[in-house]
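Below you'll find the structure, written out as structure tokens, and then a few comments.
Given the structure is predicted, the values throughout are model-derived calculations rather than measurements.
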Amino acid sequence: MKALNREVKKDHFMLMLAHTWLLKEFLGGDFPAVDNQEDIFAYNVFPDMLPIHKAVTPAMTHGGSRFRPLSPKHLKAAFLQFHILVDDLAHYGAIIEPATAGFNPFAQGYTYLKGRELIEPIRDLYRSLGEEIDFSLAAYRAHLLIEMTFDQSLKRDDGDDGIMMILYKGLRSAFEINREEFELNLAWYFGIETRIISKAVEQAQRVCTYERIKEMANDKGRINLYMERFGLDSKDPSSLRGMTELIDSGMELVRDYPDFLKPTLSAITKSRFVNPL
């Protein structure tokens, strides 16, 4: 029975709800006060979504200056910066300026520290399926698993569709109302050709239905996403059982997730980040 498939290069559903919650709280927790600005929540998650296009890499979206001065014509790009600051704090435990080159499996941010306990279980799962993966790759996958279970926990405790609906409305606003401005801001900030940005946005629009976002926040959806992301066969009972156990372990590890959220808000508030609204 085939248990391993080709690995897929897509990280675009990682920490989406956490990013949305943090921006909402940063703005004062009063979403309606951000009049006609729903699309800022799309900017806030899109650095992770641009690599949906094969020509875009995470280094292109996360490798620049954290506090790059904004052009008066591109003020909403600030919320691309907000995303990157949150990622720094999640991965490294501090805002990194200038950006750190390369991948560090020993990073000291919440998602890597929490993921430490999952590294060997992940390697064991792959060994049981006939593949050996090294420490670095297992550490990367472990931190992604923590990010997934973080969002799962946040959605569970949200109690309704509040955060997901804010995210969905933001994406729809960017895709359907402010599309041209959105693409121009992305192209300007990341220095990526507009035609590539347009293709990436088009691909993301097809993926980001409300049903798809909602699916990614439930247990089955997260399991399927992880298995798809790392080439595991969802029809293989051993793979499914092993992944379910890893998800359960991740959920237990992130029970203290609120302890990450408030210090993250505080660090961004005290940083050089400028809210243009």
Side-chain angles (χ1 to χ4, degrees), residues 7-16 18-20 22-23 37-92 95-104 140 143-144 147 167-168 170-209 212-213 216 225 229 268 271-277:
E7 186 166 346
V8 180
K9 188 204 86 170
K10 288 180 175 65
D11 290 345
H12 47 268
F13 281 105
M14 307 305 170
L15 281 185
M16 287 179 73
H19 279 291
T20 303
L22 283 161
L23 180 55
Q37 300 287 335
E38 290 95 340
D39 61 347
I40 65 174
F41 290 94
Y43 286 90
N44 185 44
V45 298
F46 228 75
D48 284 344
M49 302 194 73
L50 278 175
I52 197 171
H53 191 289
K54 63 182 180 181
V56 181
T57 67
M60 295 164 68
T61 57
H62 289 70
S65 171
R66 275 60 182 133
F67 301 106
R68 177 183 172 184
L70 300 176
S71 161
K73 295 181 180 180
H74 299 286
L75 293 180
K76 288 183 180 178
F79 300 104
L80 301 171
Q81 290 183 329
F82 188 94
H83 171 101
I84 295 168
L85 298 183
V86 170
D87 273 7
D88 273 358
L89 291 158
H91 296 160
Y92 307 114
I95 296 169
I96 305 299
E97 181 74 358
T100 299
F103 167 65
N104 178 10
Y140 178 74
H143 109 273
L144 289 181
E147 291 185 352
L167 175 59
Y168 176 71
L171 289 167
R172 298 270 58 102
S173 177
F175 294 152
E176 298 172 4
I177 300 172
N178 299 321
R179 177 72 164 263
E180 183 178 3
E181 178 192 39
F182 185 57
E183 292 181 357
L184 288 173
N185 281 334
L186 290 168
W188 173 80
Y189 187 75
F190 292 119
I192 298 172
E193 292 181 54
T194 304
R195 64 177 182 83
I196 293 175
I197 293 291
S198 296
K199 288 289 187 182
V201 173
E202 182 181 323
Q203 288 176 261
Q205 183 175 13
R206 289 198 296 267
V207 171
C208 292
T209 64
R212 175 70 166 166
I213 294 172
M216 291 305 100
L225 174 63
R229 174 60 180 84
I268 294 175
S271 75
R272 289 183 283 140
F273 175 75
V274 177
N275 177 6
L277 297 181

- Item | Q205 and E176: CA distance, side-chain angles, deciding distance, side chain to side chain contact (heavy atoms under 4.5 Å, CB included) verdict | CA-CA 9 Å; Q205 183 175 13; E176 298 172 4; 4.0 Å; yes
- Checking side chain to side chain contact (heavy atoms under 4.5 Å, CB included) for the pair N178/K76: CA distance, chi angles, key distance, verdict? CA-CA 12 Å; N178 299 321; K76 288 183 180 178; 4.2 Å; yes
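Distance check: N275 CG to I40 CD1 gives 7.5 Å after rounding to the nearest 0.5 Å. Considering CD of Q81 and CZ of F273, their distance stands at 6.5 Å, rounded to 0.5 Å. Between the CG atom in L167 and the CD1 atom in I213 there is a gap of 4.5 Å [rounded to 0.5 Å]. Rounding to the nearest 0.5 angstrom, the gap separating the CD1 atom in I196 from the CG atom in L50 is 10.5 Å. For the atom pair CE of M60 and CD1 of I192, the computed distance is 4.0 Å after rounding to the nearest 0.5 Å. Taking CD1 of I84 as the start and CG of N44 as the end, the distance is 10.5 Å to the nearest 0.5 Å.
Annotation for A99 and G64: closest pair CB-O, 3.8 Å, computed over non-hydrogen atoms. Taking both residues in full, the closest heavy atoms of Y189 and A77 are given as CD1-CB, 3.9 Å, listed atom of the first, atom of the second, then distance. Among all heavy-atom pairs drawn from P51 and P47, the shortest one is CD-O, 3.5 Å. P69 and W188 make their closest contact through O-CH2, 3.8 Å (heavy atoms, listed as atom of the first residue, atom of the second, distance). Between A200 and I52, the shortest heavy-atom contact is O-CG2, 3.6 Å. Minimum interatomic distance between A204 and F46 (heavy atoms only, all atoms of both residues): CB-CZ, 3.7 Å.
Taking E147 as the reference, H91, H143 meet the side chain to side chain donor-acceptor pair (under 3.5 Å) condition, with sequence neighbours excluded. Partners of H62 according to the ring-ring contact (aromatic ring centres under 6.0 Å, His included) rule, which considers only residues two or more places apart in sequence or in another chain, are H83. By the salt bridge (charged side-chain N to carboxylate O under 4.0 Å, His left out) test, E180 pairs with no residue at all, sequence neighbours left out. Take S65 and apply the side chain to side chain donor-acceptor pair (under 3.5 Å) test, not counting sequence neighbours, and it matches E97. For D88, the side chain to side chain donor-acceptor pair (under 3.5 Å) criterion is met by R66, not counting sequence neighbours. Taking D87 as the reference, nothing meets the salt bridge (charged side-chain N to carboxylate O under 4.0 Å, His left out) condition, with sequence neighbours excluded.
Listed for the S271 side chain is a donor-acceptor partner under 3.5 Å among the backbone atoms of I268.
Between F103 and Y140, the ring-plane angle classifies as perpendicular under the 30° and 60° cut-offs.
With contacts defined as side-chain heavy-atom distances shorter than 4.5 Å, the pair H19/D48 qualifies. Put simply, the side chain of R172 does not reach to within 4.5 Å of the side chain of E38, judged on heavy atoms. Looking at heavy atoms from C-beta onward, R179 lies in side-chain contact with E202 at the 4.5 angstrom threshold. Counting heavy atoms from C-beta outward, V86 and L15 have side chains that stay 4.5 Å or more apart. Residues V207 and R212 meet the side-chain proximity criterion, which asks for heavy atoms closer than 4.5 Å. F182 has its side chain out of reach of D39: every pair of non-hydrogen atoms, C-beta onward, lies at least 4.5 Å apart. Looking at heavy atoms from C-beta onward, L85 lies in side-chain contact with F67 at the 4.5 angstrom threshold.
Screening Y43, F190, F79 against N185 for a side-chain contact (heavy atoms from CB on, under 4.5 Å) leaves a single residue, Y43.
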